[in-house]
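The structure appears right after this line, and notes come after that.
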Amino acid sequence: MTSSAARDTARDDVKPERTGTRTRLVAAAAAAVIVGAGLALRAVARGEVAKYGGDALYTLLLFALVLVVAPRSAPVKAAAVALAVSWGVEFLQLTDVPAYLARRSTAARLVLGSTFNAPDLFWYAVGAATGLLAVRRA
């Protein structure tokens, strides 16, 4: 028979280092799956589905990477950081810098994009919310 007190005591026995390591490993595995999902989406979908799905996956990937770098971050904070970076990159596209870099580097084009698109902001929020919900359900 397991009481809630026994479960709480068992959780208290887990060392913080092991919890951080476990979170980091799970987040790294999730990041790899997200990259795979993004590549698969681009292979099978076109138009708005590929574009906006990719936007959501971009922020979801950033969410996972925040947890890889800072595994003890609160999920809400990790989602906020991922969303802020995504929005920052999108607003940077109002300048000529991303387009200039995108013309010279495929990596820059993939990471920074090239042109501002207001609906992207919503889909970035969808990606951050998806990450937050996934962590809370786990």
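Predicted, not measured: the structure shown is a model, and the values here were computed from it. Along the sequence shown, residues are numbered consecutively beginning with 1.
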(request) For L133, enumerate each residue passing the side chain to side chain contact (heavy atoms under 4.5 Å, CB included) test, keeping only those at least two apart in sequence or located in another chain. (result) none

(request) Quick one: list whatever passes side chain to side chain contact (heavy atoms under 4.5 Å, CB included) with V26, sequence neighbours left out. (result) R22

(message) Among residues at least two apart in sequence or on other chains, which ones pass salt bridge (Lys or Arg N to Asp or Glu O under 4.0 Å) with K77?
(response) none

(message) For A79 versus L132, what's the shortest heavy-atom pair and its separation?
(response) CB-CB, 4.4 Å

(request) Scan residues 33-44 for pairs that pass salt bridge (Lys or Arg N to Asp or Glu O under 4.0 Å), counting only residues two or more places apart or in two chains. (result) none

(message) Can you pull out every side-chain hydrogen bond (donor to acceptor under 3.5 Å, both in side chains) where at least one residue sits in residues 124-138? Sequence neighbours excluded, please.
(response) E90-Y124

(message) Test: salt bridge (Lys or Arg N to Asp or Glu O under 4.0 Å). Region: residues 51-60. Which pairs qualify, not counting sequence neighbours?
(response) K51-D55, K51-D120

(request) Considering only Ile, Leu, Val, Met, Phe, Trp and Tyr, and joining two whenever side-chain heavy atoms are under 4.5 Å apart, list the other residues clustered with Y52. (result) F122, W123, V126

(message) Per the ring pair (Phe, Tyr, Trp, His ring centres under 6.0 Å) rule, what does the pair list look like for residues 66-98, sequence neighbours excluded?
(response) F91-F116

(message) I'd like to check the side chain to side chain contact (heavy atoms under 4.5 Å, CB included) partners of P98; sequence neighbours left out, ordered by chain and number.
(response) L92, Q93, T95, L112

(request) Please round to the nearest 0.5 Å and tell me the distance separating atom CG of L94 and atom OG1 of T115. (result) 10.0 Å

Give the table of side-chain donor-acceptor pairs shorter than 3.5 Å for residues 99-106, with sequence neighbours excluded, one pair per line with atom names and distance.
residue: Y100; atom: OH; partner: R104; partner atom: NE; Å: 3.4
residue: R104; atom: NH1; partner: Y100; partner atom: O; Å: 3.1
residue: S105; atom: OG; partner: A107; partner atom: N; Å: 3.3
residue: S105; atom: OG; partner: A108; partner atom: N; Å: 3.1

(message) Please say yes or no: joined through hydrophobic side-chain contacts below 4.5 Å, possibly via intermediate residues, are L57 and L110 part of one cluster?
(response) no

(request) Can you tell me which residue pairs pass the ring pair (Phe, Tyr, Trp, His ring centres under 6.0 Å) test with a partner in residues 20-46, sequence neighbours excluded? (result) none

(request) Quick one: closest heavy-atom pair of P71 and R24, and the distance? (result) CD-NH2, 3.1 Å

(request) May I ask whether Y58 and L83 are part of the same hydrophobic cluster, defined by side-chain heavy atoms of I, L, V, M, F, W, Y residues being less than 4.5 angstrom apart, directly or through others? (result) yes

Return all side-chain donor-acceptor pairs below 3.5 angstrom for residues 59-68, not counting sequence neighbours, or 'none' if the list is empty.
residue: T59; atom: OG1; partner: S86; partner atom: OG; Å: 2.7

